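Written out below as structure tokens is the structure these notes cover.
Worth knowing before you read on, the calculation uses all heavy atoms, side chains too, and leaves out hydrogens, waters and symmetry mates. Note that this is a predicted model, so its numbers are computed, not measured. In what follows, chains are A, B, ... by sequence order, proteins preceding strands, each numbered from 1.
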There are 2 protein chains.
Amino acid sequence: MVSVEEQLKSMKQQMISKGYKSTIQREATMRVLLEHERDHMSAEDVYMRVKTRFPEIGLATVYRTLELLTELHLVEKMNFGDGVARFDLRSEDHEHMHHHMICSICGEVEEIQDDWLSELEQRVKREYGFNVSDHRLDFIGTFSSCKHGDCHRHRENAS
Amino acid sequence: MVSVEEQLKSMKQQMISKGYKSTIQREATMRVLLEHERDHMSAEDVYMRVKTRFPEIGLATVYRTLELLTELHLVEKMNFGDGVARFDLRSEDHEHMHHHMICSICGEVEEIQDDWLSELEQRVKREYGFNVSDHRLDFIGTFSSCKHGDCHRHRENAS
DNA sequence: ACGTTTAATTAGAATGATTATAATTTAATA
DNA sequence: TATTAAATTATAATCATTCTAATTAAACGT
């Protein structure tokens, strides 16, 4: 619904309004994120994609930008237990309202675009006096398609 | 209900029955885990504790033992997004039936000793054709006690 | 109990992801 | 346009974890 350019503009404004500068490196990084909204890219993945269009950029800059965007809650930093942090844009509409299915055969990560936890968050509040501001729900298992051997990539790293 | 010695014996038997050897280093490591059942220790934490009683042990051995125990499903390897893997014993009674509350003020991790996800796992199966073998549910937020400033340790690492 | 075999341990080096540093550049603002 | 502080660059450093080669020790059969 919202174009890449519009989203980019909005992100830049949020940066500036918080006192951060809008640079071409940050813009390039955000653009890559916008074009791979739900790809669960590692910092290295993002770096490589940014580099194809902006070869002078440094890896550290990408790391710092991703960190900044995480602080601003514009991207979500995730961790699937393989030792690499992964980053996704948080589009306004589905904030952190999604969960993951992680295939233990091929490592593929798919999303569930729903928030199934509202009730449980209430319960945590009631029973434990814990105010939930965020959550993470990952299911580990196998897709029926993977069980039958027709997996995309075959897995090289264990959780 | 089960004594440390009994649990240790059972763990050793499981090792041997799977073709692995029972060594004093592994025993020392398991003993530490048994004595810190739900402490979410990092490999380094475990190493330091083992080392007080068995100073000749190497860090790599602890890592390898934790990895082995994870494979045997005797310990659970977790990841709270701070870049360090954490390990807990899986006592027979509550397998992986627990969730975490992670305080964003002090970093403390507390457990919910319940499985709230059975229904959701059915739903994942039905709606996505994904067979769940395990899951992870973490709530991020604040304990009421922490909001009032009386926190144990103050936080130095962000998620 | 003893030797053989093979896995496990050790110390230390290597790796891979991430973060810090110091010098240089650039965006924002007057 | 000049100033100033923040951002970037390249590179070194760090941290967690894994690998390697040489040595030690469990398990098993005799």
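- Along DNA chain D, the nucleotide nearest A/Phe54 and the nucleotide nearest B/Ile24 are compared for position; the residue whose nucleotide lies closer to the 5' end is A/Phe54.
- Counting any heavy atom pair closer than 4.0 Å across all strands shown, A/Leu59 reaches a base atom.
- Remark: the B/Glu111 side chain and the B/His40 side chain contain an N/O donor-acceptor pair separated by less than 3.5 Å.
- Annotation: of the two residues near DNA chain D, A/Gly58 and B/Glu67, the 5′-most nearest-nucleotide partner is A/Gly58.
- A ring-centre distance under 6.0 Å is found for A/His100 and A/Phe80.
- When heavy atoms are screened at a 4.0 angstrom cut-off, B/Ser22 is found touching the sugar-phosphate backbone but no base atom.
- Between the side chain of B/Lys21 and the base of C/dT6, a donor-acceptor pair under 3.5 Å is found.
- For D/dT18, the OP1/OP2 oxygens have no side-chain nitrogen or oxygen of B/Arg64 closer than 4.0 Å.
- OP1 or OP2 of C/dT10 lies within a sub-4.0 Å distance of a side-chain N or O belonging to B/Gln25.
- Under 4.0 angstrom from either OP1 or OP2 of D/dT18 there lies no side-chain N or O belonging to B/Tyr63.
- Residue B/Thr23 is classed as a sugar-phosphate contact, given heavy-atom separations below 4.0 Å to backbone atoms only.
- No engagement by A/Glu44 is indicated, since no non-hydrogen atom pair under 4.0 Å with the nucleic acid exists.
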